[in-house]
Amino acid sequence: MKLYSLSVLYKATNKSNLLKAAYDLSSFSFFQRSSVQEFMTFTSALIVERSSHGSRASVKEQEYLCHVYVRNDSLGAVVIADSEYPQRVCFTLLDKVLDEFSKQVESIDWPSGSPDTIRYTALDSYLARYQNPREADAMTKVQAELDETKIILHNTMESLLERGEKLDDLVQKSEHLGNQSKAFYKTARKQNSCCEVM
């Protein structure tokens, strides 16, 4: 599970404007990074342009999933992740980023802003923190803990059942021993009664 890009854009009437972006391209070779970054920037802008106001969507592009959220105030964000990354966590991240961005950057600066002029530095930290969805998102962390607990309970139940099966075997053996001891007692009594007559 990996996040590659997190972008904040302004959706104008006929195009989108990149306001700020953060990238984690460490999994790509050094020589590919600039072209991959350009591709992700272009894809993010295109997706925001084609999304309607107040909408959320997930778009598959090759082996990546692009999650987009465009608010009614024309502020949008895109996160590009691999296909394994949980969708719910992506939209939680987009919500947090857009809320924080709109509080720190005045809406007057959105239409004319650019990555150089916008003073918002939290994207890199969000991108780094959300690389592991279990650590970043409380609900995912709780779900992971529940899954682990469920596995432990299944293992405990299996061991109890095995123990129960072993107990059943012991009960059967004791019943078998009980029958054998009764037969031995009867045989010993017959032998002893035979000896008393003499």
Side-chain angles (χ1 to χ4, degrees), residues 1-12 15-105 110 113-116 118 120-148 150-151:
M1 289 185 273
K2 185 149 179 71
L3 293 178
Y4 299 103
S5 166
L6 178 58
S7 309
V8 178
L9 301 99
Y10 175 75
K11 179 181 170 60
K15 70 177 194 114
S16 61
N17 183 26
L18 180 67
L19 299 176
K20 209 67 175 171
Y23 304 93
D24 182 356
L25 305 175
S26 58
S27 59
F28 297 97
S29 75
F30 178 77
F31 298 107
Q32 290 179 322
R33 290 180 185 170
S34 63
S35 58
V36 169
Q37 183 174 333
E38 286 176 17
F39 166 75
M40 289 184 178
T41 303
F42 171 76
T43 303
S44 298
L46 187 67
I47 290 172
V48 169
E49 283 174 23
R50 296 186 179 179
S51 297
S52 58
H53 288 86
S55 68
R56 297 173 194 260
S58 295
V59 179
K60 186 166 177 52
E61 177 61 37
Q62 297 174 10
E63 68 266 15
Y64 308 108
L65 271 174
C66 306
H67 305 281
V68 61
Y69 174 36
V70 180
R71 298 190 330 183
N72 287 326
D73 60 1
S74 298
L75 192 63
V78 177
V79 63
I80 298 176
D82 62 8
S83 57
E84 295 175 6
Y85 201 91
Q87 180 179 3
R88 189 188 56 72
V89 179
C90 287
F91 285 117
T92 302
L93 170 62
L94 293 177
D95 272 337
K96 284 183 181 180
V97 166
L98 289 178
D99 284 344
E100 188 176 298
F101 186 89
S102 64
K103 289 176 185 171
Q104 291 185 13
V105 179
W110 299 350
S114 70
D116 296 329
I118 299 293
Y120 180 72
T121 58
L123 285 184
D124 289 316
S125 63
Y126 273 121
L127 191 63
R129 187 171 6 140
Y130 273 79
Q131 286 299 335
N132 184 354
R134 289 184 179 151
E135 296 300 318
D137 184 53
M139 191 109 105
T140 305
K141 188 175 183 178
V142 169
Q143 183 63 45
E145 289 173 0
L146 283 173
D147 290 343
E148 290 172 12
K150 194 163 103 175
I151 290 169

Worksheet entry | Proximity of Tyr85 and Tyr130 rings by center, below 6.0 Å | no
Discussion item. Looking at every non-hydrogen atom in both residues, tell me the closest pair between Arg71 and His53 and how far apart they are.
Written reply: O-CD2, 3.6 Å
Fill in: Spacing of OG belonging to Ser102 relative to OH belonging to Tyr120, to within rounding of 0.5 Å
9.0 Å
Worksheet item: Can you tell me how far OG1 of Thr121 sits from CD of Gln104, rounded to the nearest 0.5 angstrom?
Response: 7.0 Å
Worksheet entry | Distance-minimising heavy-atom pair for Ser16 and Glu49 | N-CG, 3.3 Å
Discussion item. Applying the side-chain contact (heavy atoms from CB on, under 4.5 Å) criterion to Leu6, which one of Ile80, Asp124, Val79, Asp24 satisfies it?
Written reply: Val79
Worksheet item: So do Lys20 and Val105 actually touch side chain to side chain, heavy atoms under 4.5 Å?
Response: no
Item to complete: Look at atom CZ of Arg50 and say whether more than 12 heavy atoms of other residues, nucleotides or ligands are closer to it than 6.0 Å.
Response: no
Worksheet, complete the sentence: Closest non-hydrogen contact found for Ser7 with Leu18 is CB-CD1, 4.0 Å
Worksheet entry | Main-chain N/O of Gly54 paired with Asn72 side-chain donor or acceptor, under 3.5 Å | yes
Discussion item. Checking Lys2 against Gln131 for the side chain to side chain contact (heavy atoms under 4.5 Å, CB included) test, could you report, in this order, the C-alpha distance in whole Å, the side-chain angles of both residues, the deciding distance, and whether it holds?
Written reply: CA-CA 6 Å; Lys2 185 149 179 71; Gln131 286 299 335; 3.6 Å; yes
Worksheet entry | Minimum-distance pair of heavy atoms, taken over all atoms of Ala77 and Leu94 | CB-CD2, 3.5 Å
Fill in: Check: Tyr23/Thr41 side-chain N/O donor and acceptor closer than 3.5 Å
yes
Item to complete: Nearest 0.5 Å please: distance from the CG atom of Leu46 over to the OG atom of Ser51.
Response: 9.0 Å
Worksheet item: To the nearest 0.5 Å, what is the distance between CE (Met40) and OG (Ser35)?
Response: 10.0 Å
Worksheet item: Checking side chain to side chain contact (heavy atoms under 4.5 Å, CB included) for the pair Asp95/Arg56: CA distance, chi angles, key distance, verdict?
Response: CA-CA 10 Å; Asp95 272 337; Arg56 297 173 194 260; 3.2 Å; yes
Worksheet item: Nearest heavy-atom pair of Arg33 and Ser26: which atoms, and what distance?
Response: NH2-O, 3.5 Å
Practice prompt. Look at atom NZ of Lys60 and say whether more than 12 heavy atoms of other residues, nucleotides or ligands are closer to it than 6.0 Å.
Written response: yes
Practice prompt. Rounded to the nearest 0.5 Å, what's the gap from CG on Leu3 to CG on Leu65? Could you check?
Written response: 11.5 Å
Worksheet item: In Å and rounded to the nearest 0.5 Å, what is the CD to CZ distance from Gln62 to Phe39?
Response: 5.0 Å
Discussion item. Between Ile118 and Phe101, is there a side-chain heavy-atom distance shorter than 4.5 Å?
Written reply: yes
Worksheet entry | Nearest heavy-atom neighbours spanning Leu25 and Tyr4 | CD2-O, 4.3 Å
Worksheet item: Do the non-hydrogen side-chain atoms of Val78 and Thr43 ever get within less than 4.5 Å of each other?
Response: no
